[in-house]
Amino acid sequence: GEGGSDSNSFPRLKNVDRKNPSHLSVTVGNVTVVMTDFQPKPDSRLSDSHL
Amino acid sequence: SMSEQLSRGSPEPATSQLVNDIELIFKPHPQEADADSSTQTRYIKTTANATVDHLAKYLAIRLSLDTASDGDDDDVSSSSKLFDIFVGSQPGQYVLLNGPTSLEQIKERYWKLNKPLEIFYSIRKSAS
């Protein structure tokens with residue numbers, strides 16, 4: 001069959017906040033890519049009253 | 001199914017090609033003395049056609065944004081040469097990558113683990 005089994009799929013990042021990404025376009029030569037920057041989620045185990 | 005991917009052809013400007021997203025962790029080389037990996041680790045999603053040069057330039061732009069106030073650096077594009085980019089192929093072993101290498105190639109050649117790609121950078125001290 002032609003089911004698109006994607007052997008190239010990459011594991012996704014864990015423990016990142018996907019709600020507020022920032023994007024930055026980077027051009028080298030004639031190729032432009034977009035870098036999406038995620039903030040790490042605060043580690044719930046370590047985050048007791050750190051401030 | 002025989003889906004063999006040969007990536008030997010001359011690179012073409014990608015207009016309609018489908019590119020996979022790649023998510024990666026980008027952090028200071030552990031042997032950098034003044035690296036604080038807890039604050040400088042970056043979590044990035046980009047496309048598989050992004051190269052080491054893109055990563056280095058991204059880093060230069062990011063760092064220049066972060067330290068824009070005490071800017072002595074006048075040219076971001078020239079400072080993109082100031083970073084060495086590594087992939088951790090095995091624990092404790094880091095392979096220096098060439099600028100034109102794409103993330104897709106890095107993944108195929110060096111990264112056999114079923115977890116997000118980890119890329120390390122170090123600031124090249126001798127700038128001239």
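Proteins get letters first, then strands, A, B, ... in listed order; numbering begins at 1 in each.
- Rounded to the nearest 0.5 angstrom, A/Lys41 NZ and B/Tyr43 OH are separated by 12.0 Å.
- In terms of non-hydrogen atom pairs under 4.5 Å with chain A, the most contact-rich of B/Leu113, B/Ile44, B/Ile25 is B/Ile44.
- The shortest distance between side-chain heavy atoms of B/Thr51 and B/Leu103 does not fall below 4.5 Å.
- At a heavy-atom separation below 4.5 angstrom, chain B is approached by A/Val16, A/Arg18, A/Ser22 within residues 14-22 of chain A.
- Pairs engaging residues 27-39 of chain A under the salt bridge (Lys or Arg N to Asp or Glu O under 4.0 Å) rule: A/Asp37-B/Arg62 [sequence neighbours left out].
- Classification of the B/Tyr94-B/His29 ring pair by plane angle, with boundaries at 30° and 60°, yields tilted.
- At a 4.5 Å heavy-atom cutoff, the contact between A/Leu13 and chain B is made by backbone and side-chain atoms alike.
- Listed by chain and number, the residues in a side chain to side chain contact (heavy atoms under 4.5 Å, CB included) with B/Val87 are B/Val95, B/Leu97, B/Ile106, B/Tyr110, B/Trp111, B/Leu117, B/Ile119 (sequence neighbours excluded).
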Report task. Report the C-alpha separation of B/Leu55 and B/Tyr121 in whole Å, then their side-chain angles, then the decisive distance to 0.1 Å, and conclude whether the side-chain contact (heavy atoms from CB on, under 4.5 Å) test is met. Result -> CA-CA 9 Å; B/Leu55 292 176; B/Tyr121 62 89; over 6 Å; no

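- In this view, A/Ser25 satisfies the side chain to side chain donor-acceptor pair (under 3.5 Å) rule with no residue, not counting sequence neighbours.
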